[in-house]
Amino acid sequence: MSRRGSDSAAVSMVGGKKKPLGQRIWEHKVLYLFILPAVIWLLIFCYWPMYGITLAFKDYHYNLGILGSPWVGFEVFEGFITSADFWNMFKNTLIISVLKLVFTFPAPIILSLLLNEVMCTKFKRVIQTMSYLPNFVSWVVVVSLLNIVFTPYGGIVNDIRAALGYTDAIFFMGEPEYFYQIAVGSELWKNVGWNTIVYLSAISGVSQELYEAAIIDGAGRLKCTWHVTLPAIKFTIGIMLIMAIGGILNANFEQILLLQQPANLSISQILDTYVLEVGLRYGDFELSTAVGLFKSVFALALMALANFASSRLMEVSLW
């Protein structure tokens, strides 16, 4: 135990017994005062509104309010799960989220490894800046640019196809067969550079002595990356993967809502867009609350499962 740790333990012990909680809080009252505003904010804006989840178990009436509305148990959940649209929306959400996870999760790792091998500092900074900038562009602007690029009326993609001899103009944004490619590609372009920050920070913390020892043993750049860099950032990759799996039902609501067209609605309607539709358009607040609660419980279960698997396979876990 370090000296600081032993001193702290001695302060909290009196005659071999631990001091009462109230006394320990009073001794460190200044520190607790510093975190008091954050605790108050958390209670008011994060925990107090949670009583609203009771809407999922009630037959809500405007004149009675949330607390005065009658309880209906799991009737709203049963109606949602047995509805004709549930499995289609659940399937769409999973497909989009899994595709994004498969293609966008390893991309920043690969990019950070490539940037780490660049020796020219100026070139490295230029590439980093160019890859970071799309993250600061809103999805409204990104989708507007996609509409301009892929429009059949003078869009650059259709112009290139026309130059190659194709006479038919394709409205890519409205065709269901191109929806997944556009959704995953735009997500990758927008966020891959920003996500590399985490991995570059982890790579910068790898001891240079490990690389020197590997080079002495005859390892080249590729082997140093595989046997030194990747094992050293294994913890960071594991934590990011657990969090990504936990949020697998979050298919990026804003992006999908903006990409939705009447023609691709059958594959682009996800749980989040459905919540917006039934909650704001039709005023079915209990159903929208039930869908949101279902998502949260499912995400918690997935995160717990991913955490268990990661702790067993990679020895990395959140708890």
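Since the model is a prediction, treat every value here as computed from it, not as a measurement. Numbering of residues begins at 1 and proceeds along the displayed sequence.
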Looking at every non-hydrogen atom in both residues, tell me the closest pair between [X] and [Y] and how far apart they are.
X: K124; Y: N116; result: NZ-CA, 4.2 Å
X: I248; Y: V98; result: CD1-CG2, 3.9 Å
X: F171; Y: P152; result: CD1-CD, 3.5 Å
X: I270; Y: A251; result: CD1-CB, 3.9 Å
X: S288; Y: V278; result: CB-CG2, 3.9 Å
X: E286; Y: V76; result: O-CG1, 3.7 Å

Between [atom1] on residue [X] and [atom2] on residue [Y], distance to nearest 0.5 Å:
X: H28; Y: Y32; atom1: NE2; atom2: OH; answer: 7.5 Å
X: I127; Y: K122; atom1: CD1; atom2: NZ; answer: 15.0 Å
X: M303; Y: I245; atom1: CE; atom2: CD1; answer: 9.5 Å
X: N92; Y: W87; atom1: CG; atom2: CH2; answer: 13.0 Å
X: C224; Y: E212; atom1: SG; atom2: CD; answer: 10.5 Å
X: F285; Y: L55; atom1: CZ; atom2: CG; answer: 8.5 Å

Quiz item: Is there a side chain to side chain contact (heavy atoms under 4.5 Å, CB included) between F298 and T93 once you walk through the steps?
Solution: CA-CA 13 Å; F298 189 84; T93 307; over 6 Å; no
Side chain proximity check, [X] to [Y], heavy atoms < 4.5 angstrom:
X: H61; Y: P70; result: yes
X: T229; Y: Y211; result: yes
X: L230; Y: I237; result: yes
X: L43; Y: W48; result: no
X: F80; Y: M89; result: yes
X: C46; Y: W41; result: yes
X: V192; Y: L111; result: yes
X: L249; Y: L94; result: yes

Cluster link [X] to [Y], ILVMFWY, side chain under 4.5 Å:
X: L114; Y: L188; value: no
X: L241; Y: M243; value: no
X: Y180; Y: V157; value: yes
X: W226; Y: I233; value: yes
X: L300; Y: L302; value: no

Main-chain N/O of [Y] paired to [X] side chain as donor or acceptor, under 3.5 Å:
X: T196; Y: S112; answer: no
X: N158; Y: Y153; answer: no
X: K190; Y: N135; answer: yes
X: S204; Y: S201; answer: yes
X: Q255; Y: A183; answer: yes
X: T82; Y: E78; answer: yes
X: N264; Y: Q260; answer: no

When you look at [atom1] of [X], are more than 12 heavy atoms from neighbouring residues, nucleotides or ligands closer to it than 6.0 Å?
X: E177; atom1: CD; value: yes
X: E75; atom1: CD; value: no
X: I156; atom1: CD1; value: no

Quiz prompt | Positive for ring-ring contact (aromatic ring centres under 6.0 Å, His included) with F294, one of F86, F74, F77 | solution =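 Testing each of F86, F74, F77 against F294, the sole residue satisfying ring-ring contact (aromatic ring centres under 6.0 Å, His included) is F86.
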Practice problem: Would you check, one step at a time, whether the test side chain to side chain contact (heavy atoms under 4.5 Å, CB included) holds for L276 with F253? | Solution: CA-CA 10 Å; L276 179 68; F253 156 76; 3.8 Å; yes
Practice problem: Go through the steps for Y60 and Y62 under the test ring-ring contact (aromatic ring centres under 6.0 Å, His included), then give the verdict. | Solution: CA-CA 7 Å; Y60 178 65; Y62 289 93; 5.4 Å; yes
Quiz item: Do T273 and Q269 get their side chains close enough for a donor-acceptor pair, meaning under 3.5 Å?
Solution: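 There is such a pair (donor and acceptor under 3.5 Å, judged by atom type) between the side chains of T273 and Q269.
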Quiz prompt | Step-by-step side chain to side chain contact (heavy atoms under 4.5 Å, CB included) determination, Y199 to L113 | solution = CA-CA 8 Å; Y199 299 106; L113 293 174; over 6 Å; no
Quiz item: Taking it one step at a time, do W139 and L257 satisfy side chain to side chain contact (heavy atoms under 4.5 Å, CB included)?
Solution: CA-CA 10 Å; W139 275 113; L257 180 65; over 6 Å; no
